[in-house]
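Taking it in order: structure first as structure tokens, then the write-up.
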Amino acid sequence: MVETRNRLYVDAGNTMVKLLPSLADAVPDWQNLLPAVRSVPGDQWASLDQAIEHLQDIAPAMQHPGAYPVVHMCSVRGPAFEQVIREACTQLGWSLQVMQVQNNTLLQTQYKQATQLGKDRWAACLAVAAATSSKANLVVSFGTATTLDAVVHASLLSQGRESFSAKWVHLGGFIVPGVDTMLNSLAHATAQLPKAALDWVDWPNTTEQAIGAGVARQQISMVRDVMQALRSETGQTAPTLWCTGGHAVRLLPALLTLGCPVESFEHAVLRGLWLGQQLDPGVEQ
């Protein structure tokens, strides 16, 4: 276990950058901590001055004011964003650790090149591996992209296959356009279709409903199809579905009809980022 000190956890997604300060090294009480998460639009981090301002804004929420924190970051925003954060931390005198996808005693991936697996997907899978009591799990994030990843107990795969050094295995997963990406593409790529909101009706009778409910059904259908593939792969009749991301709550009623246990798992990436730091404290940069 690493020394207790000020820490700032940063989940830099495609649309929003989420920050959670002063997370203790003991197992967190996530229900009480999650309201403390601050979200800043990603386009507000374009310059070094903006990044420094946002980091300084969060500093008063640290447990020990005046103590320099370690920033733990999971980012899918690319090297330019990471360089801005690195320079901001250098100017502030803060340390930075950037999450990497690497096998550990809890979870290993079957991705052919682990570095190509999205860090956000890996963090969410880590969080589920630590939280689940089900041997087969589907981790779905409804964000800018919708991602679907299978996390299964190694014992389900060991017969007739390679042995695994970790308790859980990331089988692989899928990436499809997310809800807003689909809605925006229809509005921008067509001459007459409007920008619609996500909807759920049995038989849409307006164009807006037709778009909103069509997108919703496509998202649910993808989850249903992958869930069936996971059942076939593992022999588990009711894998657990773990849902996170901005549209998870809106889609939850439809997901509950899929005939499997469903868990709403808010801020899965931040949970996994904390856990990854516990499993591998790493080297501060």
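Position 1 is the first residue of the sequence; numbering continues from there.
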Examine the side chains of Glu87 and Gln83 and answer whether a donor and an acceptor come within less than 3.5 Å of each other.
yes
Indicate, with yes or no, if Val139 and Val269 share a hydrophobic cluster defined by side-chain heavy-atom contacts under 4.5 Å among Ile, Leu, Val, Met, Phe, Trp and Tyr.
no
Just verifying a value: how many Å separate Leu96 CG and Ile85 CD1, rounded to the nearest 0.5 Å?
8.0 Å
How long is the gap from NZ on Lys167 to CG on Asn104, to the nearest 0.5 Å?
12.5 Å
Roughly how far, to the nearest 0.5 Å, is the CG atom of Asp43 from the OG1 atom of Thr15?
9.5 Å
For Ala124, is there any backbone N or O sitting under 3.5 Å from a side-chain donor or acceptor partner on Arg271?
no
Looking at every heavy atom in both Met227 and Cys260, which two are closest together, and how far apart are they?
CE-SG, 3.7 Å
Would Met73 and Val40 show up in the same hydrophobic cluster when neighbours are defined by side-chain heavy atoms closer than 4.5 Å?
yes
Would you please test Thr144 and Asp180 for side-chain contact (heavy atoms from CB on, under 4.5 Å) and show each step?
CA-CA 6 Å; Thr144 305; Asp180 284 336; over 6 Å; no
Kindly determine whether Thr244 and Glu266 satisfy side-chain hydrogen bond (donor to acceptor under 3.5 Å, both in side chains), including the steps that lead there.
CA-CA 5 Å; Thr244 189; Glu266 189 178 5; over 6 Å; no
Find out if a path of hydrophobic residues (ILVMFWY) with successive side-chain heavy-atom gaps under 4.5 Å connects Val76 to Phe81.
no
Strictly distance-based, threshold 3.5 Å: is any side-chain N or O of Arg38 a donor or acceptor partner for the main-chain N or O of Leu19?
no
Given side chains that start at C-beta, do those of Val98 and Ser75 come closer than 4.5 Å, heavy atoms only?
no
Side-chain donor/acceptor of Thr146 to backbone N/O of Phe142, under 3.5 Å
no
For Gly245 versus Ser141, what's the shortest heavy-atom pair and its separation?
CA-OG, 4.3 Å
Checking Val70 against Gln277 for the side-chain contact (heavy atoms from CB on, under 4.5 Å) test, could you report, in this order, the C-alpha distance in whole Å, the side-chain angles of both residues, the deciding distance, and whether it holds?
CA-CA 11 Å; Val70 180; Gln277 177 260 320; over 6 Å; no
Should we count NZ of Lys18 as having more than 12 external heavy atoms under 6.0 Å?
yes
Distance col, row Leu171:CG vs Leu230:CG, nearest 0.5 angstrom, shows 7.0 Å
For Ala127 and Ala268, work out which heavy atoms get closest and say how close.
CB-O, 3.6 Å
Does the pair Leu251 and Val223 meet the rule for a side-chain contact (heavy atoms from CB on, under 4.5 Å), with working shown?
CA-CA 11 Å; Leu251 291 169; Val223 176; over 6 Å; no
State, to 0.1 Å, how close Pro177 and Gln219 come at their nearest heavy-atom pair, and which atoms those are.
O-NE2, 3.1 Å
So, does Thr190 use its side chain to make a donor-acceptor pair with the main chain of Leu186 at under 3.5 Å?
yes
Counting N and O atoms only, with roles assigned by atom type, does the side chain of Arg77 sit under 3.5 Å from a partner on the main chain of Ala12, one being a donor and the other an acceptor?
no
Do the side chain of Ser185 and the main chain of Met182 share a donor and acceptor less than 3.5 angstrom apart?
yes
Any link between Leu279 and Val151 through a network of hydrophobic side chains (Ile, Leu, Val, Met, Phe, Trp, Tyr) touching at under 4.5 Å?
yes
For Pro253, is there any backbone N or O sitting under 3.5 Å from a side-chain donor or acceptor partner on Thr257?
no
Which of Val176, Ile175, Val140 passes side chain to side chain contact (heavy atoms under 4.5 Å, CB included) with Thr147? Answer is Ile175
Could you tell me whether the side chain of His170 and the main chain of Val152 form a donor-acceptor pair under 3.5 Å?
no
Inter-residue atom distance Cys125.SG - Asp149.CG, 0.5 Å rounding:
4.0 Å
Rounded distance (nearest 0.5 Å) linking atom CG of Leu156 with atom CH2 of Trp168
8.0 Å
Cationic tip of Arg250 within the cone over Trp200's six-membered ring, i.e. under 6.0 Å and within 45° of the normal?
no
Do Leu270 and Leu33 have side chains that get closer than 4.5 Å, going by heavy atoms?
no
Can you find a side-chain donor-acceptor pair between Ser165 and Gln108 that sits under 3.5 Å?
yes
If we ignore hydrogens and angles and just use 3.5 Å, is the side chain of Ser221 paired with the main-chain N or O of Arg217 as donor and acceptor?
yes
For Trp242 and Phe265, take the angle between the two ring planes, folded into 0 to 90°, and tell me which bin it lands in: parallel under 30, tilted 30 to 60, perpendicular over 60.
perpendicular
Let me see the working for Trp122 and Leu107 under side-chain contact (heavy atoms from CB on, under 4.5 Å), right down to the final yes or no.
CA-CA 9 Å; Trp122 178 248; Leu107 180 68; 3.6 Å; yes
Is Val249 reachable from Val262 through a run of I, L, V, M, F, W or Y residues, each pair having side-chain heavy atoms under 4.5 Å apart?
no
Thr240 side chain near Leu138 side chain, heavy-atom distance below 4.5 Å
no
Do side-chain atoms of Asn103 reach the backbone of Thr109 as a donor and acceptor pair under 3.5 angstrom?
yes
Of the non-hydrogen atoms in Ser39 and Met16, which two are nearest, and what is the gap between them?
CB-CE, 3.6 Å
Could you tell me whether the side chains of Gln50 and Glu53 share a donor-acceptor contact shorter than 3.5 Å?
no
Over 60° means perpendicular and under 30° means parallel, so tell me whether His72 and Tyr9 are parallel, tilted or perpendicular.
parallel
Looking at Pro21 and Ala36, what are the two nearest heavy atoms and their distance?
CD-O, 4.2 Å
Contact between Leu148 and Met222 at the side-chain level, heavy atoms closer than 4.5 Å - yes or no?
yes
